[in-house]
Trainee: 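Input: one structure, supplied below.
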Amino acid sequence: MNASLFKLRTLALLAMILLAAPVGQARTITLKPEAVDAFAALSESHPRSGWAAQQIDPTLFVSHPPIGGASTSYLVRYSFDQIPKGNRITHAEWVIPAGPPTTCTVTVWRVLAEWGIGVCHQFRRVHPQRQEWSVPGARGRSVDRATKPTGNGKFEPGALQVTVNVTQDVELWHGSAAPNRGWLITFDGPCILMSPTHAGRQQWQLRITYEPE
């Protein structure tokens with residue numbers, strides 16, 4: 001075999017190997033509550049407190065465990081710094097756990113309005129100046145939160161967690177197509193959530209799959 005033919009065959013073999021090799025590997029990571037960089041309770045019964053998660057008596061509210069209901073919802077925002085730049089989101093699902101006994105529907109909404117220090121049922125922030133939600137409790141669709149919910153699920157005895165597909169939201173935020181202002185969780189009835197800061201730390205999971213662009 002002459003040198004030119006050998007070189008051509010070697011180049012062809014190398015090209016076949018490169019074409020057969022995967023361009024990039026998808027990876028799935030699980031974000032735990034440690035990746036939550038902002039969390040607040042929006043309580044209609046205590047409209048100026050951002051941490052009124054449970055009412056003990058008419059004058060006392062505590063933060064643990066989080067109790068949801070028709071008049072109490074929660075804001076949750078994750079940091080996505082663990083996802084390297086130059087990747088695209090292919091799938092994301094959020095596992096939200098509840099504690100027994102619970103039978104209610106939980107709904108997840110993408111938040112549109114900016115919120116921050118002092119956020120509560122009445123205000124979306126109080127510093128550096130007071131700014132109210134368009135509708136108290138971040139209920140203003142297309143202004144405070146998205147027009148349509150991201151997804152929902154039902155807590156039932158024996159099925160004390162819901163898994164919501166949040167791929168589109170995470171894709172928007174990671175790709176900088178929309179600012180990351182987190183999610184609003186609402187409920188159609190009484191619901192005791194597993195606390196992301198106590199016993200429920202391992203059960204709150206945001207699983208995200210991404211791959212090179």
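These values consider heavy atoms only, across backbone and side chains, with no hydrogens, waters or symmetry-generated copies. Since the model is a prediction, treat every value here as computed from it, not as a measurement. Numbers for residues simply follow the sequence, beginning at 1.
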Trainee: Give a yes or no on whether a salt bridge exists between K85 and E213, defined as a side-chain N under 4.0 angstrom from a carboxylate O.
Mentor: no
Trainee: Verify the distance criterion only: is there a donor paired with an acceptor across the side chains of T163 and W94 at less than 3.5 Å?
Mentor: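 No donor-acceptor contact under 3.5 Å links the two side chains.
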Trainee: In chain order, what residues pass the salt bridge (Lys or Arg N to Asp or Glu O under 4.0 Å) check against E93, with sequence neighbours excluded?
Mentor: R207
Trainee: For the CD atom on E156, are there more than 12 heavy atoms of other groups (residues, nucleotides or ligands in this structure) within a distance under 6.0 Å?
Mentor: yes
Trainee: Between N152 and T105, is any side-chain donor less than 3.5 angstrom from a side-chain acceptor?
Mentor: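 No, because no side-chain N or O of N152 sits under 3.5 Å from a partner of the opposite role on T105.
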Trainee: For R88 and Y210, which I'm curious about, is there any donor-acceptor pair between the side chains at under 3.5 Å?
Mentor: no
Trainee: Check the surroundings of atom CZ in R27: do more than 12 heavy atoms from other residues, nucleotides or ligands lie under 6.0 Å from it?
Mentor: no
Trainee: Under the rule for salt bridge (Lys or Arg N to Asp or Glu O under 4.0 Å), what residues qualify as partners of R48, not counting sequence neighbours?
Mentor: none
Trainee: Over all heavy atoms of both residues, which pair between W204 and K32 is shortest? Give the atoms and the distance, please.
Mentor: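 So the two residues come closest at O-CD, 3.6 Å.
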Trainee: Could you list the donor-acceptor pairs under 3.5 angstrom formed by side chains in residues 111-121, with sequence neighbours left out?
Mentor:
unit_1, atom_1, unit_2, atom_2, d
E114, OE2, R125, NH2, 3.2
W115, NE1, R181, O, 2.8

Trainee: Would the distance check show the side chain of W133 and the main-chain N or O of F123 forming a donor-acceptor pair, the cut-off being under 3.5 Å?
Mentor: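 Yes; judged by distance alone, with no hydrogens or angles, the pair exists.
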Trainee: Short question: side chain of Q129, backbone of V126 - any donor-acceptor pair under 3.5 Å?
Mentor: no
